[in-house]
A.B. asks: 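Just passing along the structure, written as structure tokens.
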Amino acid sequence: MATSEAQVKATLKYKARAYKRIPLDVKIEEYEALKEYTDSIGESINGFIRRIIKENIEKT
């Protein structure tokens, strides 16, 4: 399915309004270990980090 330029602009506008990026720097070895782990549990790195954050917030 082709994506129109207007659709791309609308998506970017929505993301700018609804999301906040959180830069995270990790050592290459840490990234590789994290990637290996998340692959083994069938989860993306982003999904894993978001889930862990949510679980910890809910504990409080």
Side-chain angles (χ1 to χ4, degrees):
M1 178 156 127
T3 303
S4 71
E5 186 176 334
Q7 187 176 15
V8 170
K9 285 183 180 181
T11 300
L12 291 174
K13 185 177 178 182
Y14 168 75
K15 283 186 173 184
R17 185 178 68 247
Y19 289 86
K20 177 66 179 164
R21 292 198 50 83
I22 303 172
L24 175 65
D25 295 329
V26 296
K27 290 184 177 184
I28 292 172
E29 309 84 48
E30 293 171 338
Y31 172 83
E32 291 169 350
L34 179 59
K35 178 72 173 141
E36 186 176 323
Y37 176 73
T38 57
D39 285 349
S40 75
I41 62 170
E43 193 167 15
S44 69
I45 291 175
N46 188 20
F48 174 75
I49 292 170
R50 292 177 67 199
R51 180 174 58 79
I52 296 300
I53 290 169
K54 183 179 179 181
E55 287 174 359
N56 279 276
I57 289 172
E58 289 172 352
K59 286 181 185 177
T60 61

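Just so it is clear, the structure is predicted and the values come from calculations on it, not from any experiment.
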A.B. asks: As an exercise, state the distance from CG of L12 to CD of Q7, rounded to the nearest 0.5 Å.
C.D. replies: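 If we round to the nearest 0.5 Å, L12:CG and Q7:CD are 11.0 Å apart.
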A.B. asks: Let me check something: do I41 and Y31 share a hydrophobic cluster, defined by ILVMFWY side-chain heavy atoms less than 4.5 Å apart, either directly or through other members?
C.D. replies: yes
A.B. asks: Would a 4.5 Å heavy-atom cut-off, applied to side chains only, mark L24 and I49 as touching?
C.D. replies: yes
A.B. asks: According to salt bridge (Lys or Arg N to Asp or Glu O under 4.0 Å), does anything in residues 6-33 pair up with another residue at least two apart or in another chain? List the pairs.
C.D. replies: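 Of all non-adjacent pairs touching residues 6-33, those that pass salt bridge (Lys or Arg N to Asp or Glu O under 4.0 Å) are E5-K9.
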A.B. asks: Scan residues 32-60 for pairs that pass ring pair (Phe, Tyr, Trp, His ring centres under 6.0 Å), counting only residues two or more places apart or in two chains.
C.D. replies: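 Qualifying pairs, neighbours excluded: Y37-F48.
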A.B. asks: Counting heavy atoms not belonging to I52, are there more than 12 under 6.0 Å from its CD1?
C.D. replies: yes
A.B. asks: May I have all residue pairs that pass side-chain hydrogen bond (donor to acceptor under 3.5 Å, both in side chains) and include part of residues 45-60, sequence neighbours excluded?
C.D. replies: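 Listed once each, the pairs are E43-R51, R51-E55.
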